[in-house]
Amino acid sequence: TFTPTVTNTGSLLGTFQVIGAQVVGSPPGFAVRSATLADPTLEGGQSTTLTIVVDTPATAPAPGSIVPPSICRMPWR
């Protein structure tokens, strides 16, 4: 589970939605189970937490060798 912070860097109210979250650049078998914003509606400058749950394969590599959340690709709408 990864929990990066998401910030609305604009000046207007925005509603955000994660669509098509996927893990890129890691060994086969890793998959995003869920990617959920704690609060999808943010005022300009406001932040929230994005919780990303990643399923790992039974033959997962050693801890520390998986893709960090900064490399996860998550299109926004």
Side-chain angles (χ1 to χ4, degrees):
T1 301
F2 303 102
T3 53
T5 299
V6 175
T7 302
N8 178 355
T9 59
S11 58
L12 301 175
L13 176 72
T15 300
F16 301 88
Q17 177 183 16
V18 180
I19 55 171
Q22 59 184 298
V23 178
V24 295
S26 65
F30 285 79
V32 175
R33 181 187 319 167
S34 63
T36 307
L37 288 165
D39 184 356
T41 304
L42 302 174
E43 294 285 347
Q46 186 178 20
S47 298
T48 192
T49 301
L50 171 63
T51 300
I52 304 166
V53 178
V54 178
D55 288 330
T56 57
T59 56
S65 62
I66 62 170
V67 177
S70 60
I71 300 177
C72 288
R73 177 178 46 198
M74 285 168 275
W76 298 92
R77 184 183 324 170

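Everything quoted here is computed from the prediction, not taken from an experiment.
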*Any side-chain heavy-atom pair of T36 and V18 under 4.5 Å*: no
*Check whether any side-chain heavy atom of I19 sits under 4.5 Å from a side-chain heavy atom of Q17, and report yes or no.*
yes
*Considering only heavy atoms from C-beta outward, does the side chain of L13 approach that of T41 to under 4.5 Å?*
yes
*asked:* Just so I know, are the side chains of I52 and V32 near enough to count as touching, which here means a heavy-atom distance under 4.5 Å?
replied: yes
*State the CZ-OG1 distance between F16 and T48, to the nearest 0.5 angstrom.*
10.5 Å
*Residue pair A35 / L50: nearest heavy atoms and the distance that separates them*: C-CD1, 4.0 Å
*asked:* Using modelled atom types and a 3.5 Å cut-off, is there a donor and acceptor pairing between side-chain atoms of N8 and backbone atoms of L42?
replied: yes
_D55 versus R33, closest heavy-atom pair with distance_ = OD1-NH2, 2.6 Å
*If only atom types and distance count, is the side chain of T7 paired as donor or acceptor with the main-chain N or O of S47 below 3.5 Å?*
no
*Say you draw a straight line from CD of E43 to CG of L12; how long is it, rounded to the nearest 0.5 Å?*
9.5 Å
